[in-house]
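Down below is the structure, laid out as C-alpha cells.
Source: prediction; values computed, not measured. The figures that follow rest on heavy atoms only: side chains count, while hydrogens, waters and symmetry mates do not.
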Amino acid sequence: MNANKKSTGLFSLANLVLWALFAANLLFIIIFYSNLPEWKVGGVIYINSFSFLIWTVVLFFAALITSYSKNYLVGFKFRRSFILNCLGFTLSVISLVMANHILLFLGCWVFMGVFMANLIGVNKDWPEAKAAASYAQKFFLLGSFCLGVGLLILSWYTKQYTIVKISEQVEDLPLFAKIGAALALILAAIIQSAIFPFQRWLMSVMTSPTPASALMHAGFVNGGGILLAFFSSLLFASNTLTILFVVGGITAVTAQFTKLLQVNVKQKLACSTIAQMGFMIMQCGLGFFNAAVAHLILHGFYKAYLFLSAGEEIKKSEPSSRLKIKIKAAEAFAVLIFGSLGAILFSFLTGKGKSADSGIILTLVVAITVGQVAYNIFKEKSLTTYQKVFYPTLMFVLGIVLYAGLYNAVTYLMHPLPLIDNPVDISWVHIVFGIVFLIGFFLMKLGVYQKYPWLYLRLINDSQPYHKTIFNSKNN
C-alpha cells in the first residue's frame with residue numbers, strides 16, 4: 001500500500017512538473033516568437049528556436065501520457081519503474097535537441113533507446129515483454145552504433161567535435177567520407193523510425209503498456225526525422241537524398257498493404273506508424289526537412305490519440321464475407337476534384353509545386369492524401385449526399401490550412417539548422433519511383449492485391465513479430 005501511495009505521489013509530481021514546463025515553454029515561444037534567443041554553452045550545448053519547438057512537442061506528449069497513466073496503471077506492480085523510465089526518456093530527448101558536442105548527442109541517443117527498451121519490457125514478470133525489450137534493444141544499439149560511426153567519420157575528417165562546426169565543413173570532406181558518414185546516419189535514422197527493412201522491431205513490441213506504446217509511436221520513432229534534419233547539409237553534400245526517397249516510398253506502400261492484413265488494433269496502429277514514417281522519410285528525400293518535422297508533429301498528435309483511445313475500439317467480431325471494394329465513376333471524379341483543389345490550396349499557402357522541382361511531388365502527396373480522405377467519406381453509407389459533399393470540402397480546407405500553417409511555422413522555427421527547405425531537381429528516379437508508388441497505392445485501395453496469394457504471403461511474413469514476443473497463455 002505504501003509503495004502504491006509513493007508511486008501515486010511520484011506520478012502527481014512528475015505530471016505537475018511536465019505540464020508546468022510545457023506551459024512555460026509554449027508561453028516563451030509565443031512571447032518571443034519573432035526573436036527567440038540562442039544560447040551556446042561552450043561547445044557542448046546549443047539552444048535555439050528548433051530546440052524550443054521540439055521541447056514543446058515532447059513535453060506535451062510526456063505530460064499527456066503521464067496524466068493518462070496515473071489512473072490507467074493503478075495497481076500495476078511496476079508503476080514506479082514506468083514513470084521513472086518515462087521521465088528518463090523525456091529528459092534524453094530534451095537533451096538531444098540541445099546537444100552540440102557529438103559525445104553528448106550520441107549519449108542522449110543511446111539513452112533514448114535504453115529507456116524505451118525499459119518501457120517496452122517494464123512488466124518483468126512477463127516473459128514475452130522481456131523478450132520484446134531485448135529484441136528491440138538490439139535494434140536500438142545497432143542504430144546507436146551506426147550513429148557513432150557516422151559521427152566518428154565526420155569528426156575525424158573535419159577535426160571538429162560539435163555539430164555546428166561539422167555542418168559548416170561537410171562540403172570540404174572527401175567524397176567517400178561524406179557518403180560513408182551519410183549512409184551511417186541514414187541507417188541510424190531508419191532503424192529508429194522502423195523503416196523497411198528494420199520494421200520488425202516495432203511489430204514485436206505489442207507487450208508494452210498502452211501509455212508506453214503511445215510514447216513510442218508519438219515520440220520515439222520520430223527521432224529518425226530529427227536526426228536527419230540535424231545533418232541535412234551532409235545529406236545534400238553526399239547526394240544521398242534519393243536513397244531516403246526510395247526507401248521511404250517502399251516503406252509507405254508496403255506498410256499500408258500490411259495494415260490491411262492485421263487482425264488486432266495495436267498491430268494495425270503499428271503498420272500505420274511505419275507507413276507514416278515512410279512518408280516522413282520521403283519528405284526528407286525530397287529536400288523538405290521542415291515538411292518532415294511538421295508531419296511528425298501532426299502524426300504524434302494523431303497517434304497518441306489513437307493509442308490512448310484504442311481500448312474504446314476493442315470488440316469481438318465474427319468473420320464476414322469479403323468486402324468488395326468498388327468506386328463509381330462519379331466518386332472517382334469527385335476524388336480527383338477534391339485532390340486537385342487540395343493541391344492548389346497547399347501550393348498557394350506554401351509556394352510549393354510552382355517550380356519544376358521536388359515541390360511538385362510533395363504537392364502531389366498532399367493531393368493523394370486529400371483524395372483518400374474524400375474517398376473514405378464517399379464510401380460511408382450513413383452519410384447523405386449533401387454531407388458527402390460538405391464534409392470533404394470542410395475537412396480539406398481546414399486540414400490544408402492547418403498543415404500549411406504548421407509547415408510555415410516549423411520552417412521559421414527551424415531556421416538555425418542548415419538546408420531545411422531546399423527542393424531538389426526531379427530526376428528519372430523520382431519519376432519512375434513516383435509512378436511505381438502511385439500504382440502500388442491504387443492496387444492497395446482497389447483491393448487488387450487480394451488476387452495474388454504470393455503477395456499476400458510475402459506481406460504477412462514481412463509483418464510478423466519476433467516469435468518469442470508473441471503472447472502464449474500456456475507460458476503465463
Side-chain angles (χ1 to χ4, degrees), residues 139 143 183 185-205 216-229 232 235 240-262 267-303 306 358 361-373 403 424 429-430 432-445 449 455 458-459 461-463:
F139 282 85
L183 291 177
L185 295 179
I186 287 173
L187 279 173
I190 66 175
I191 288 171
Q192 178 126 341
S193 294
I195 299 297
F196 179 86
F198 302 104
Q199 77 281 6
R200 185 159 291 182
W201 76 259
L202 191 60
M203 301 298 296
S204 304
V205 294
M216 184 192 316
H217 289 254
F220 181 78
V221 295
N222 293 328
I226 295 174
L227 173 62
L228 295 175
S232 57
L235 299 172
T240 52
L241 290 177
T242 303
I243 296 175
L244 292 174
F245 177 73
V246 173
V247 172
I250 291 173
T251 302
V253 173
T254 56
Q256 287 283 8
F257 270 117
T258 54
K259 177 186 174 182
L260 300 174
L261 309 180
Q262 306 308 311
Q267 291 281 12
K268 284 181 178 291
L269 291 177
C271 289
S272 172
T273 293
I274 295 169
Q276 292 302 317
M277 291 302 100
F279 281 118
M280 181 191 71
I281 296 297
M282 277 184 73
Q283 290 168 340
C284 291
L286 294 172
F288 297 113
F289 294 89
N290 51 348
V293 172
H295 185 102
L296 67 86
I297 291 173
L298 290 174
H299 173 259
F301 279 99
Y302 179 61
K303 202 50 61 76
L306 288 181
S358 57
I361 301 177
L362 179 64
T363 306
L364 287 175
V365 170
V366 172
I368 292 172
T369 304
V370 173
Q372 180 176 348
V373 172
Y403 178 67
V424 299
V429 176
H430 292 102
V432 172
F433 190 77
I435 294 173
V436 172
F437 176 81
L438 286 175
I439 292 174
F441 179 82
F442 285 108
L443 287 177
M444 173 191 66
K445 283 301 174 183
Y449 67 94
L455 179 59
R458 179 59 185 268
L459 293 170
N461 290 333
D462 286 345
S463 62

Next item on the list: Please name the pair of heavy atoms, one in L228 and one in C284, separated by the smallest distance, quoted to 0.1 Å.
Entry: CD1-SG, 4.0 Å
Item checked: S272 side chain vs K268 backbone, donor-acceptor pair below 3.5 Å -> no
Check: Is the shortest heavy-atom distance from the side chain of H295 to the side chain of Q283 under 4.5 Å?
Finding: yes
Margin query: What verdict does the side-chain contact (heavy atoms from CB on, under 4.5 Å) test give for N222 and M277, after you've listed the backbone C-alpha separation in whole Å, the side-chain angles of each residue and the deciding distance to 0.1 Å?
Written below: CA-CA 8 Å; N222 293 328; M277 291 302 100; 3.2 Å; yes
Margin query: Are Q276 and V221 packed together at the side-chain level, in the sense that at least one heavy-atom pair is separated by less than 4.5 angstrom?
Written below: no
Checklist line | Pairs satisfying side-chain hydrogen bond (donor to acceptor under 3.5 Å, both in side chains), at least one member in residues 190-203, at least two apart | finding: none
Next item on the list: Find out whether Q267 and T258 are in side-chain contact, i.e. whether some heavy atom of one side chain is under 4.5 Å from a heavy atom of the other.
Entry: no
Next item on the list: Give the minimum heavy-atom separation between A188 and L227, together with the two atoms involved.
Entry: CB-CD2, 3.9 Å
Check: Under a 4.5 Å cut-off applied to non-hydrogen side-chain atoms, are I361 and F245 in contact?
Finding: yes
Margin query: Rounded to the nearest 0.5 Å, what separates atom OG1 in T273 from atom CE in M280?
Written below: 11.0 Å
Notebook entry, point to check: Closest heavy-atom contact between C271 and A255?
Noted result: O-CB, 3.5 Å
Note to self: Working to the nearest 0.5 angstrom, can you tell me the gap between L269 CG and K259 NZ?
What the structure shows: 7.5 Å
Next item on the list: To the nearest 0.5 Å, tell me how far I191 CD1 sits from L202 CG.
Entry: 13.5 Å
When the side chains of residues 285-293 are checked against the rest of the protein, which donor-acceptor pairs come out under 3.5 Å, sequence neighbours left out?
unit_1 : atom_1 : unit_2 : atom_2 : d
N290   : ND2    : Y407   : OH     : 3.4
N290   : ND2    : T411   : OG1    : 2.7
N290   : ND2    : D421   : OD2    : 3.3

Next item on the list: Kindly compute the distance separating CD1 (I281) from OG1 (T251), expressed to the nearest 0.5 Å.
Entry: 8.0 Å
Notebook entry, point to check: Under a 4.5 Å cut-off applied to non-hydrogen side-chain atoms, are I243 and L183 in contact?
Noted result: yes
Notebook entry, point to check: Should we say atom OH of Y302 is surrounded by more than 12 heavy atoms from elsewhere, each under 6.0 Å from it?
Noted result: no
Margin query: Quick check: do L235 and L244 have side-chain heavy atoms less than 4.5 Å from each other?
Written below: yes
Check: Hey, does I190 have a side-chain heavy atom less than 4.5 Å from the side chain of L187?
Finding: yes
